[in-house]
**Student:** 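Sharing a structure here in structure tokens format.
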Amino acid sequence: MVESVSRGFRLREVNDSAIDVAQSLPGVLAARNAGAGKLKVTYDIAETDYRTLQEALRRHGYLGPTGRLQRLRDSWYQFQDENRRANLEHKPACCSKPPPGASRRK
């Protein structure tokens, strides 16, 4: 099952090479130039996450803003990816059977 997310990465320069870097990573479904210095990437969170994409772009010299607001945004996107991945891995309990430990009294 593919759980895709689309994120915009603000870069100083978006060109074909930046798109190739993003598309070369496992789990990336699509990457395109969204204009105004923004790279739009759609990826499967079961295979990759925001931080991995961001680090790959920086390793190849595609730098974006590094201010306080951008760091907050980066942390928020990474938190969302981790949360969605954890929800994918969760095994729900059957409706007629309570989850383990639910009937224990303290």
Side-chain angles (χ1 to χ4, degrees):
M1 181 175 154
V2 175
E3 183 71 23
S4 65
V5 211
S6 290
R7 302 271 191 234
F9 292 84
R10 296 173 193 263
L11 304 175
R12 291 187 187 146
E13 177 186 5
V14 179
N15 55 28
D16 291 339
S17 179
I19 293 171
D20 291 341
V21 167
Q23 288 180 334
S24 70
L25 296 171
V28 174
L29 306 172
R32 66 181 175 86
N33 185 347
K38 198 170 196 179
L39 175 67
K40 190 78 161 186
V41 180
T42 303
Y43 57 94
D44 181 7
I45 59 168
E47 295 185 43
T48 192
D49 58 11
Y50 183 83
R51 186 170 294 135
T52 303
L53 288 163
Q54 186 180 46
E55 288 171 357
L57 289 167
R58 285 194 177 147
R59 263 195 321 270
H60 286 86
Y62 295 101
L63 304 174
T66 56
R68 188 179 307 172
L69 181 59
Q70 185 63 41
R71 287 193 310 268
L72 181 64
R73 184 180 294 123
D74 294 344
S75 296
W76 176 247
Y77 287 159
Q78 182 63 26
F79 170 75
Q80 288 178 331
D81 286 358
E82 289 171 359
N83 195 22
R84 289 179 74 175
R85 184 179 296 123
N87 287 338
L88 286 175
E89 296 170 358
H90 177 70
K91 304 270 189 279
C94 178
C95 55
S96 64
K97 179 180 156 189
S103 62
R104 292 186 202 150
R105 293 188 178 171
K106 293 181 181 184

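The shown structure was predicted, so the numbers you read here are calculated from the model rather than taken from an experiment. Any value given below was found using the heavy atoms of this structure, including those in side chains, with hydrogens, waters and symmetry copies removed.
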**Student:** Taking all non-hydrogen atoms of both residues into account, name the closest pair between Gly37 and Val14 and its distance.
**Tutor:**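 Closest pair (atom of Gly37, atom of Val14, distance): C-CG2, 3.7 Å.
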**Student:** According to ring pair (Phe, Tyr, Trp, His ring centres under 6.0 Å), does anything in residues 12-57 pair up with another residue at least two apart or in another chain? List the pairs.
**Tutor:** Phe9-Tyr50, Tyr50-Tyr77
**Student:** Side chains of Leu57 and Leu39: does their closest heavy-atom pair fall under 4.5 Å?
**Tutor:** yes
**Student:** Rounded to the nearest 0.5 Å, how far apart are CD of Gln78 and OG1 of Thr52?
**Tutor:** 7.0 Å
**Student:** List for me each residue that meets side chain to side chain donor-acceptor pair (under 3.5 Å) alongside Thr48, sequence neighbours excluded, and say none if there are none.
**Tutor:**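 Partners of Thr48 under the side chain to side chain donor-acceptor pair (under 3.5 Å) test: none.
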**Student:** Tell me, please, which residues at least two apart from Arg59 pass side-chain contact (heavy atoms from CB on, under 4.5 Å).
**Tutor:**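 side-chain contact (heavy atoms from CB on, under 4.5 Å) list for Arg59, sorted by chain: Glu55, Ala56.
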**Student:** Among Ile, Leu, Val, Met, Phe, Trp and Tyr joined by side-chain contacts under 4.5 Å, find the other residues sharing a cluster with Leu29 and list them by chain and number.
**Tutor:**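 Its cluster partners, ordered by chain and number, are Val2.
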**Student:** Looking only at heavy atoms, what is the nearest atom pair of Asn33 and Gly35, with distance?
**Tutor:**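 Distance-wise, the nearest heavy atoms are OD1-N, 2.8 Å.
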**Student:** If you group Ile, Leu, Val, Met, Phe, Trp and Tyr by side-chain heavy-atom gaps below 4.5 Å, do Leu63 and Leu25 land in one group?
**Tutor:** no
**Student:** Which heavy atom in Leu11 sits nearest to a heavy atom in Ala18, and how many Å separate them?
**Tutor:**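 Closest approach of Leu11 to Ala18, heavy atoms only: CD1-CB, 4.4 Å.
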**Student:** Quick one: list whatever passes side chain to side chain donor-acceptor pair (under 3.5 Å) with Ser4, sequence neighbours left out.
**Tutor:**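 Partners of Ser4 by the side chain to side chain donor-acceptor pair (under 3.5 Å) criterion come out as none, since no residue qualifies.
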**Student:** Give a yes or no answer on whether the side chain of Arg71 reaches the backbone of Thr66 with a donor-acceptor pair at less than 3.5 Å.
**Tutor:**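 Present.
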**Student:** Is it the case that more than 12 heavy atoms not belonging to Asn87 sit under 6.0 Å from its CG atom?
**Tutor:** yes
**Student:** I'd like to check the side chain to side chain donor-acceptor pair (under 3.5 Å) partners of Tyr62; sequence neighbours left out, ordered by chain and number.
**Tutor:**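 With neighbours one apart ignored, the set is Asn15, Ser17.
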**Student:** I need the full list of salt bridge (charged side-chain N to carboxylate O under 4.0 Å, His left out) pairs touching residues 29-47, with sequence neighbours left out, sorted by first then second residue.
**Tutor:** none
**Student:** Do Trp76 and Leu53 belong together in a cluster built from hydrophobic side chains that touch within less than 4.5 Å?
**Tutor:**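 Yes, Trp76 connects to Leu53 through the hydrophobic network.
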**Student:** Not counting sequence neighbours, list each pair that qualifies as a salt bridge (charged side-chain N to carboxylate O under 4.0 Å, His left out) and has a residue in residues 73-89.
**Tutor:**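 Applying salt bridge (charged side-chain N to carboxylate O under 4.0 Å, His left out) to every pair that reaches into residues 73-89, excluding sequence neighbours, yields Glu3-Arg84, Arg7-Asp81.
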**Student:** Which residues pass the side chain to side chain donor-acceptor pair (under 3.5 Å) test with Ser6, not counting sequence neighbours?
**Tutor:** Thr42
